[in-house]
Amino acid sequence: MQRFASAREAALTLRPDQPVYCFRPHVLIKDADRFMKMFPGETAYAVKTNGEDLVLDTLARNGVSTFDVASPGEFAAVRKVAPNAQMLYMHPIKAQSDIRLALETYGIRVLAVDHEDEIAKITRIVRALDIDPASITLYVRLQTKGHAAYELSKKFGAAPAHAIELLQRSDKIGYKVGLCFHVGSQIEDPDTYENALRSADWVRNRAGVPLAGLDIGGGFPAEYGNDPKRKHVEMPSLGQLMSRLRGDIKEYGFGDLPLVAEPGRVIVARAFSLIVRVLLRKGRRLYINDGIWASLSDSWTGKITLPARFIPDPAKKLRHGDVEEIVPFRVCGATCDSVDILSRPFWLPATVETGDWIEIGHIGAYSLSLRTRFNGFYPDTFVEVGTAFDEGSEPEGFASLETMAPPQ
Ligand SMILES: *Cc1c(COP(=O)(O)O)cnc(C)c1O
């Protein structure tokens with residue numbers, strides 16, 4: 001992989017027409033390390049956030065030894081770069097054949113459930129393979145309520161009374177049992193984890209079975225940009241969240257249990273930025289070489305504002321407007337699809353022109369992992385960059401990637 005001091009240097013050297021991912025291994029290592037130091041338990045990186053080989057490999061070589069996986073593709077990706085890593089199969093609803101593959105081929109012994117029929121599916125295979133249930137930990141996934149940019153509690157999780165039954169049923173078969181929850185992604189309210197812990201405490205106190213562990217899932221927010229045109233929402237910092245969480249864990253009496261967290265976004269977001277090129281400027285519209293079917297699909301669901309740095313093409317001598325004036329541009333993606341228009345503008349210097357580049361920062365989470373081959377566009381160029389996005393010149397603008405609205 002080619003190495004550059006900054007994305008600006010990469011853009012001006014390579015003059016890329018295709019989107020380029022700028023990978024910062026030192027930032028990834030730092031953010032993973034920071035999380036592991038703050039969290040009083042096992043850190044299981046959530047592979048779905050960004051399952052690139054270079055991410056998994058960097059994490060595995062720098063202290064991450066447990067991975068949260070959900071599919072055969074993720075088992076294989078982890079096994080390939082980290083043959084000795086432990087995998088937690090935390091998807092509550094699994095194909096029968098995938099359960100078999102996990103238990104038989106990958107030696108996975110930790111799985112999540114949120115329904116009795118899932119326990120039955122797992123037990124059928126455990127019996128067929130003659131595995132001792134006591135070597136397996138089933139985590140019962142609890143439903144949670146709270147505020148996150150992405151809510152998942154509507155889809156997965158057992159209500160508290162149901163969770164009690166599932167714990168007792170699993171215990172009776174001979175499994176070790178634990179409780180888990182996942183509060184959603186990019187949580188905004190520091191009470192979120194406490195609410196989930198309170199619910200877990202309620203379930204534990206009534207289940208009357210020994211717990212082997214508590215898995216608090218992911219959801220820890222990453223740092224993004226602020227859209228100065230909108231109300232500023234103060235996000236809790238990771239330090240604040242963690243110190244509150246450590247207190248709550250003690251208060252609800254989970255301090256002596258083995259703990260697991262499944263962070264994704266907070267570990268990988270800052271490790272990548274993306275260089276895109278302006279293929280054409282039409283008035284206040286920019287047509288760029290990426291879009292919602294590639295790296296920018298987070299814009300469908302999130303309420304996230306990404307910082308953006310303007311990288312003007314020095315070959316362009318004649319420019320109009322004032323570089324100090326930051327104005328909104330409507331951004332159209334690379335595909336021929338008419339929905340491939342970002343719902344929120346990018347704010348950039350008024351002088352941006354056809355041929356210029358834009359570096360979009362903090363894009364490591366749910367970008368590369370969600371890109372498609374739609375229309376034949378598939379960004380897949382990587383360079384390594386030596387300085388963090390936040391170092392060096394301040395980003396002038398921001399790429400506002402909020403909820404998709406119908407294009408106007
Ligand atoms: C997606 C997911 C995660 C990671 O969530 P982040 O918000 O990226 O930290 C963790 N656990 C489960 C079960 C998930 O589905």
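One-based numbering, in listed order, for ligands and for the atoms of each. Here, residue 1 is the first one in the sequence, and each next residue gets the next number. These numbers come from the heavy atoms of this one structure, side chains and all, not from hydrogens, waters or symmetry mates.
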> Is the distance between the ring centroids of Phe220 and Tyr193 less than 6.0 Å?
Replying inline: yes
> Is any side-chain N of the basic residue among Glu118 and Lys94 closer than 4.0 Å to the acidic one's carboxylate O?
Replying inline: yes
> Which ligand 1 atoms are under 4.0 Å away from a heavy-atom of Glu262?
Replying inline: 3 (C), 4 (C), 9 (O), 10 (C), 11 (N), 12 (C), 13 (C)
>> So if I count the atoms of ligand 1 from 1 in the order they appear, which ones are less than 4.0 Å from some heavy atom of Ser185?
In response: 6 (P), 7 (O), 8 (O)
>> Out of all atoms in ligand 1, which are within 4.0 Å of some heavy atom of Lys48? Include the element for each.
In response: 1 (C), 2 (C), 3 (C), 14 (C), 15 (O)
> Under 3.5 Å, side chain of Asp114 to main-chain N/O of Ala158, donor-acceptor pair present?
Replying inline: no
> If hydrogens are left out, which of Met90, His182, Lys155 has an atom nearest to atom 5 (O) of ligand 1, that is, the closest non-hydrogen atom?
Replying inline: His182
>> Tell me whether Lys80 is salt-bridged to Asp53, with the criterion being a basic N under 4.0 Å from an acidic carboxylate O.
In response: yes
> With a 4.0 Å cut-off on heavy atoms, is Asp68 touching ligand 1?
Replying inline: yes
> Which atoms from ligand 1 have a heavy atom of Thr49 less than 4.0 Å away?
Replying inline: 8 (O)
> At the 4.0 Å heavy-atom cut-off, does Ala365 count as touching ligand 1?
Replying inline: no
>> Checking the N or O distance criterion of under 3.5 Å, is ligand 1 in contact with Ala46?
In response: no
> Which part of Arg141 is near ligand 1, with near meaning a heavy atom under 4.0 Å away: side chain, backbone, both or neither?
Replying inline: side chain
>> Between Tyr21 and Phe382, is the ring centroid distance below 6.0 Å?
In response: yes
>> Regarding Asp201 and Arg204, does a basic nitrogen lie under 4.0 Å from an acidic carboxylate oxygen?
In response: yes
> Near Pro263, which atoms of ligand 1 are under 4.0 Å from a heavy atom of that residue?
Replying inline: 9 (O)
>> Please check this pair: side chain of Ser170 against backbone of Tyr175, looking for a donor-acceptor N/O pair closer than 3.5 Å.
In response: no
> Are any of the side-chain nitrogens in Asp356 or Arg281 under 4.0 Å away from the carboxylate oxygens of its partner?
Replying inline: no
> Hey, does His91 sit under 4.0 Å from ligand 1 if you only count heavy atoms?
Replying inline: no
>> When you measure from the heavy atoms of Phe156 to every atom of ligand 1, does any distance fall below 4.0 Å?
In response: no
> Can you check whether Gly264 has an N/O within less than 3.5 Å of an N/O in ligand 1?
Replying inline: yes
> What atoms of ligand 1 come closer than 4.0 angstrom to any heavy atom of Arg265?
Replying inline: 6 (P), 8 (O), 9 (O)
> Which ligand 1 atoms, with their elements, are less than 4.0 angstrom from a heavy-atom of Tyr366?
Replying inline: 1 (C), 4 (C), 5 (O), 6 (P), 8 (O)
> Do the two ring centres, one from Phe389 and one from Phe272, sit under 6.0 Å apart?
Replying inline: no
> Is Asp191 paired with Arg244 through a side-chain N to carboxylate O contact shorter than 4.0 Å?
Replying inline: yes
